[in-house]
Amino acid sequence: QVQLVESGGGLVQPGGSLRLSCAASGSIFSINVMGWYRQAPGKQRELVATIANDGSTDYAASVKGRFTISRDNAANTVYLQMNSLKPEDTAVYYCNLRRRWVGPGDFGSWGQGTQVTVSS
């Protein structure tokens, strides 16, 4: 089993910044992908960003250039630095850990979610 503990969410004004953290523990595959997804009210959960164990990244077009994902492999921790936040970024953000090289339907483990609210 894998446990994911998230932190860093909160309320921020438009244009502000937040940094999310997610620490994983348990039976973690060495070849893996960690990432962040988000779900706004009334909408489906969507990809924000992912980062594999080798450092390769993938970003949603809506956040590219504003958000940066990074990880500490030794600590099994993934971060999401969010800059230039917009009201449209308001959502519950979920940490994810999965094996690499799996099919698109294999989403692995999820954290409990942390609320990010961007409002003036």
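Since the model is a prediction, treat every value here as computed from it, not as a measurement.
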Review point. What's the shortest heavy-atom distance between Asn96 and Gly108, and which atoms?
Key: ND2-C, 4.4 Å
Check your understanding: Where do Arg98 and Asp106 come nearest, in terms of heavy atoms and distance?
Key -> CD-O, 3.5 Å
**Study point:** Reported CE-to-CG distance for the pair Met34 and Asp72, which is rounded to 0.5 angstrom
**Key:** 10.0 Å
Check your understanding: Applying the side-chain contact (heavy atoms from CB on, under 4.5 Å) test to Trp36, which of Ile51, Thr50, Val48, Leu47 qualifies?
Key -> Val48
Review point. Would you say the side-chain atoms of Asn73 pair up with the backbone N or O of Asn53, donor to acceptor, closer than 3.5 Å?
Key: yes
Exercise for review: Calculate, to the nearest 0.5 Å, the distance between atoms CD and OG1 belonging to Gln115 and Thr90 respectively.
Suggested key: 7.0 Å
Review point. Does Val63 share a hydrophobic cluster with Leu85, counting links as ILVMFWY side-chain heavy atoms below 4.5 Å and allowing steps through other members?
Key: yes
Exercise for review: Measure up the Trp110 and Tyr94 rings against each other and bin them: parallel (under 30°), tilted (30 to 60°), perpendicular (over 60°).
Suggested key: perpendicular
Check your understanding: Quick one: CE on Met82 to CZ on Arg19, what's the gap to the nearest 0.5 Å?
Key -> 11.5 Å
Exercise for review: Identify whether Tyr37 and Leu80 are in the same connected component of the hydrophobic contact network (ILVMFWY, side-chain heavy atoms under 4.5 Å).
Suggested key: no
Review point. Going hydrophobic residue to hydrophobic residue with side-chain gaps under 4.5 angstrom, can you get from Leu18 over to Val5?
Key: no
**Study point:** Partner set under ring-ring contact (aromatic ring centres under 6.0 Å, His included) for Tyr59, not counting sequence neighbours
**Key:** none
Practice item. Taking Asn32 for its side chain and Leu97 for its backbone only, find out whether a donor-acceptor pair lies under 3.5 Å. Key: no
Check your understanding: Between CG of Leu20 and CD1 of Ile69, what distance do you get to the nearest 0.5 Å?
Key -> 10.0 Å
Check your understanding: Looking at CG of Asp54 and CZ of Arg71, how far apart are the two atoms once the value is rounded to the nearest 0.5 Å?
Key -> 9.0 Å
Review point. Is the number of heavy atoms from other residues, nucleotides or ligands within 6.0 Å of CZ (Arg100) greater than 12?
Key: yes
Practice item. Would you name the heavy atoms of Gln81 and Ser17 that are closest together and state the gap between them? Key: NE2-CB, 4.0 Å
Practice item. To the nearest 0.5 Å, tell me how far Gln13 CD sits from Ser119 OG. Key: 8.5 Å
Revision key, fill the gap. Residues pairing under salt bridge (charged side-chain N to carboxylate O under 4.0 Å, His left out) where one sits in residues 39-50, two or more places apart or in two chains, turn out to be Arg38-Glu46
Revision key, fill the gap. Closest heavy-atom pair, Leu4 versus Cys22, reported as atoms and distance to 0.1 Å, is CB-SG, 3.9 Å
